[in-house]
S.K.: 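Input: one structure, supplied below.
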Amino acid sequence: MHIDTKDGIPVRLVMTEADDWHLHVRDGALLGAVLPDTVRRFRRAIIMPNLEPPVTTVAAARAYRERILACVPRDGRFTPLMTLYLTAATTVGDIEEAADSGLIAAVKYYPAGATTNSRQGVSDIRQCDAVLGAMERFDIPLLMHGEVVDPAVDAFAREEVFLERVLTPLLGDFPRLRVVMEHITTAAAVAFVREGPRTLAATLTAHHMLLNRNALFEGGIRPHHYCRPLLQPEGDRRALVAAAISGHPRFFLGTDSAPHPRFAKESACGCAGIYTAHAALELYAEIFADAGALDRLEGFASHFGADFYGLPRNTGTVCLERGPLQVPQTVSFGVGEGVPFRAGMTVDWHLAGTAG
Ligand code: NCD
Ligand code: ZN
């Protein structure tokens with residue numbers, strides 16, 4: 001890693017190529033429209049399986065992987081890391097097949113009803129104990145959408161309650177199962193992961209570190225700031241930034257970039273999901289630079305995730321420079337236009353293309 005400064009301020013960063021450990025790229029025309037944004041910035045990404053219907057078998061994951069690879073631009077180098085969607089019907093045999101295939105990087109748990117395309121998720125993960133036992137044996141990580149869906153639990157408390165009701169007993173019963181708590185949003189989750197076992201890690205999105213929940217209501221209701229889990233109060237946002245810049249190896253980058261066409265967001269019952277892939281690495285650079293910790297970005301973005309997954313670190317480099325990236329008002333999602341994060345505004349850093 002190398003940082004150039006001017007008048008004491010970092011202006012250029014060259015570091016190991018980064019990976020995105022939590023990404024939605026969808027399918028069909030939308031896949032073709034959004035994938036190049038990720039390929040430009042990341043060498044690998046964990047591909048979320050919440051298609052309609054979800055990716056529940058190795059065969060479906062293999063076919064989806066082929067469709068993704070077909071959308072990689074000619075000059076791009078990109079490895080999609082495939083996941084399976086856990087359902088009540090997932091069997092130990094499915095896990096054995098996943099382990100044999102060498103194709104499945106992880107299994108994703110969605111609580112039924114918690115978020116986009118989670119209808120076929122699991123209502124009680126303890127119905128899946130046999131499957132979790134197999135994952136533990138074959139060392140396949142479990143990626144968790146960490147929220148309870150109990151209607152009696154406040155929408156902003158769902159992650160915290162999840163820690164106590166679901167995650168604590170699960171870690172106790174499956175001590176060797178590797179677990180990633182995806183897109184954590186609260187100081188409680190940060191503390192839980194920090195104090196938790198070495199088998200437990202967490203991904204952090206850029207949007208949860210850049211916005212607090214006031215952003216949902218700025219000047220009116222703001223559907224493009226709506227995602228699951230929800231944005232949280234300022235104290236939580238700060239705790240996420242502190243975790244990310246701490247250099248702790250069990251916190252790493254996962255954008256949760258989740259494209260939805262504009263009409264599906266700007267509606268009476270709008271979809272959850274924020275699109276950040278168009279500026280993902282630049283947004284993280286802005287967060288780390290503003291916190292005076294740009295030297296910690298490489299570990300967070302390029303080392304710790306690969307280490308946790310037991311994959312080799314990337315060997316190429318990526319270069320970011322200070323200077324505004326202008327974000328357009330809208331981008332094409334193939335199936336209509338989309339409104340990207342920071343639409344019509346700027347990001348402090350931009351990609352200078354690969355160096356070295
Ligand atoms: C994601 C999506 O749109 O697929 N939405 C979101 O708000 N993050 C699903 C998810 O990761 O929860
Ligand atoms: Zn997601």
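Every number for a ligand or one of its atoms is a count from 1 in the order of the listing.
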S.K.: How does Asn50 reach ligand 1, by side chain, by backbone, by both or by neither, if only non-hydrogen atoms under 4.0 Å count?
M.R.: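 The answer is the side chain of Asn50.
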S.K.: Tell me whether His22 has at least one N, O or S atom under 2.8 Å from the Zn ion (ligand 2).
M.R.: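 For His22, the answer is yes, given that an N, O or S atom comes within less than 2.8 Å of the Zn ion (ligand 2).
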S.K.: Quick check on contacts: which atoms of ligand 1 are under 4.0 angstrom from a heavy atom of His183?
M.R.: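 Ligand 1 atoms under the 4.0 Å threshold to His183: 11 (O).
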S.K.: Do His278 and Asp37 get their side chains close enough for a donor-acceptor pair, meaning under 3.5 Å?
M.R.: no
S.K.: Can an N or O of Ala258 be found at a distance shorter than 3.5 Å from an N or O of ligand 1?
M.R.: no
S.K.: In terms of relative ring orientation, are His145 and His183 parallel, tilted or perpendicular, with 30° and 60° separating the classes?
M.R.: perpendicular
S.K.: Is there a heavy atom in Met48 that sits closer than 4.0 Å to ligand 1?
M.R.: no
S.K.: Under 6.0 Å between ring centres, would you say that holds for Phe300 and Phe251?
M.R.: no
S.K.: Got an N/O contact under 3.5 Å between Thr115 and ligand 1?
M.R.: yes
S.K.: If I take every N, O or S atom of Asp256, is at least one of them less than 2.8 Å from the Zn ion (ligand 2)?
M.R.: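 So Asp256 does bind the Zn ion (ligand 2) by this criterion.
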S.K.: Which of the atoms in ligand 1, numbered in the order shown and given with their element, are less than 4.0 Å from a heavy-atom of His145?
M.R.: 12 (O)
S.K.: At what distance is the nearest protein heavy atom to atom 1 (C) of ligand 1, and which residue and atom is it?
M.R.: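 Checked against all protein heavy atoms, atom 1 (C) of ligand 1 sits closest to His24 NE2, 3.6 Å.
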S.K.: So, Asn212 versus Glu234: side-chain donor-acceptor pair below 3.5 Å or not?
M.R.: yes
S.K.: What residue and heavy atom of the protein are closest to atom 7 (O) of ligand 1, and at what distance?
M.R.: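 Among all protein heavy atoms, the one nearest atom 7 (O) of ligand 1 is Arg228 N, 2.7 Å.
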S.K.: Given the rule that I, L, V, M, F, W and Y join up when any side-chain heavy atoms are under 4.5 Å apart, are Val122 and Val107 in one cluster?
M.R.: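 In one cluster with Val122: Val107, yes.
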S.K.: Any N/O/S atom, backbone or side chain, of His183 lying under 2.8 Å from the Zn ion (ligand 2)?
M.R.: no
S.K.: Any donor-acceptor pair under 3.5 Å linking the side-chain atoms of Glu182 with those of Thr203?
M.R.: yes
S.K.: Can you tell me if Asp256 has a non-hydrogen atom under 4.0 Å from ligand 1?
M.R.: yes
S.K.: Is the Tyr309-Trp21 ring centre distance short of 6.0 angstrom?
M.R.: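 Distance test on ring centres: under 6.0 Å, yes.
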S.K.: So is Arg26 close enough to ligand 1, meaning a heavy atom under 4.0 angstrom away?
M.R.: yes
S.K.: Provide the number and element of each atom of ligand 1 under 4.0 Å from a heavy atom of Cys227.
M.R.: 7 (O)
S.K.: Hey, which atoms in ligand 1 end up nearer than 4.0 Å to a heavy atom of His22?
M.R.: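 Those atoms are 11 (O).
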S.K.: Out of curiosity, Leu177 CG to Asp139 CG, how far, rounded to the nearest 0.5 Å?
M.R.: 8.5 Å
S.K.: Establish, for the pair Arg222 and Phe217, whether the NZ or CZ atom is under 6.0 angstrom from the six-membered ring centre and no further than 45 degrees off its axis.
M.R.: no
S.K.: Can you tell me the protein heavy atom closest to atom 5 (N) of ligand 1 and the distance?
M.R.: Ala272 O, 3.1 Å
S.K.: Indicate, with yes or no, if the rings of Tyr109 and Tyr85 have centres closer together than 6.0 Å.
M.R.: no
